[in-house]
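Structure first, commentary second.
Remember, it's 1-based here, ligands and their atoms both numbered in the order they're listed. In this chain, numbering begins with 1 at the start of the sequence shown.
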Amino acid sequence: MRILVTNDDGYLATGIGVLADAARTLGTVHVVAPDREQSATSHSLTLHYPLRVRTVSEDVQVVDGTPTDCVMLALGELLPERPDFVLSGINHGANLGDDVLYSGTVAAAMEATLLGIPAVALSYAGRDSDNIVQWTEVVARLLRQLLEREDFPPDTLLNVNLPPVAPADLKGVRVSRLGRRAYVGSLTRALDPNGREYFWIGGGESKWWGEGDPDFQAIKDGLISVTPLHLDLTNHRLLEHIGRWQLTL
Ligand code: MN
């Protein structure tokens with residue numbers, strides 16, 4: 001099995017090292033990852049400057065671009081053969097609910113899905129990324145079950161979150177749906193040392209809601225959360241209703 005591994009925290013992050021190690025128990029791994037932190041870049045593509053690729057070792061290349069750039073370059077130019085799977089992560093921090101709309105980790109898996117390659121995004125829902133090194137074996141076991149399935153769904157990526165517990169205390173795996181998350185107090189408005197106003201997005205408190213096994217609840221319950229995501233944003237239920245508006249010119 002040929003596996004492309006990427007992330008949005010940069011190639012030096014703890015999480016991508018753990019993911020690559022876990023993936024090597026399943027097949028041949030090629031890492032193509034951003035050369036620096038690219039978290040919250042979502043599905044952005046670099047169009048306005050040239051991308052440079054640096055070869056770090058035999059199976060690791062780094063790109064001065066986004067996670068989506070990495071997947072596009074890897075599949076289009078860098079890899080000798082088309083991979084059987086694309087794995088993205090393990091992100092330092094959760095990608096639950098609305099997070100998936102901002103996440104570069106999830107976007108890399110989305111890009112693979114768009115290009116017709118099955119993909120899994122993985123994130124660690126704890127604060128201390130050093131703890132991710134404990135997860136190599138569990139992640140390898142989980143990936144083996146996912147990647148060896150004959151019926152891995154087309155046009156769908158799996159969004160996996162690991163709970164902030166020691167792997168020994170893990171309660172199991174739950175298939176969940178995306179919850180909803182709102183940030184409260186995550187906008188800072190202040191003055192810089194020169195007295196000019198600035199704004200800073202980040203921090204604050206999370207508020208969660210959602211019914212029917214939402215992903216955040218699985219994490220709270222000490223379970224690995226697995227959510228199948230597809231990329232069809234059409235609101236099919238509303239097609240008929242909006243059609244009845246009889247929009248015209
Ligand atoms: Mn990240």
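A salt bridge is absent between Asp35 and Arg54; no separation between the charged side-chain nitrogens and carboxylate oxygens falls under 4.0 Å. Ion pairing between Arg24 and Asp59 holds under the 4.0 Å rule for side-chain N and carboxylate O. Ion pairing between a basic and an acidic side chain is recognised when a charged N comes within 4.0 Å of a carboxylate O; Asp213 and Arg177 show no such pairing.
With rounding to the nearest 0.5 angstrom, the CG atom of Asn91 is 12.5 Å from the OH atom of Tyr124. Here CD1 of Ile117 is found 8.5 Å from CG of Asp84. Values are rounded to the nearest 0.5 Å.
Side-chain atoms of Gln61 and Thr55 include a donor-acceptor pair closer than 3.5 Å.
Within the protein, the N, O or S atoms lying under 2.8 Å from the Mn ion (ligand 1) are Asp8 OD1, Asp9 OD1, Ser39 OG, Asn91 OD1.
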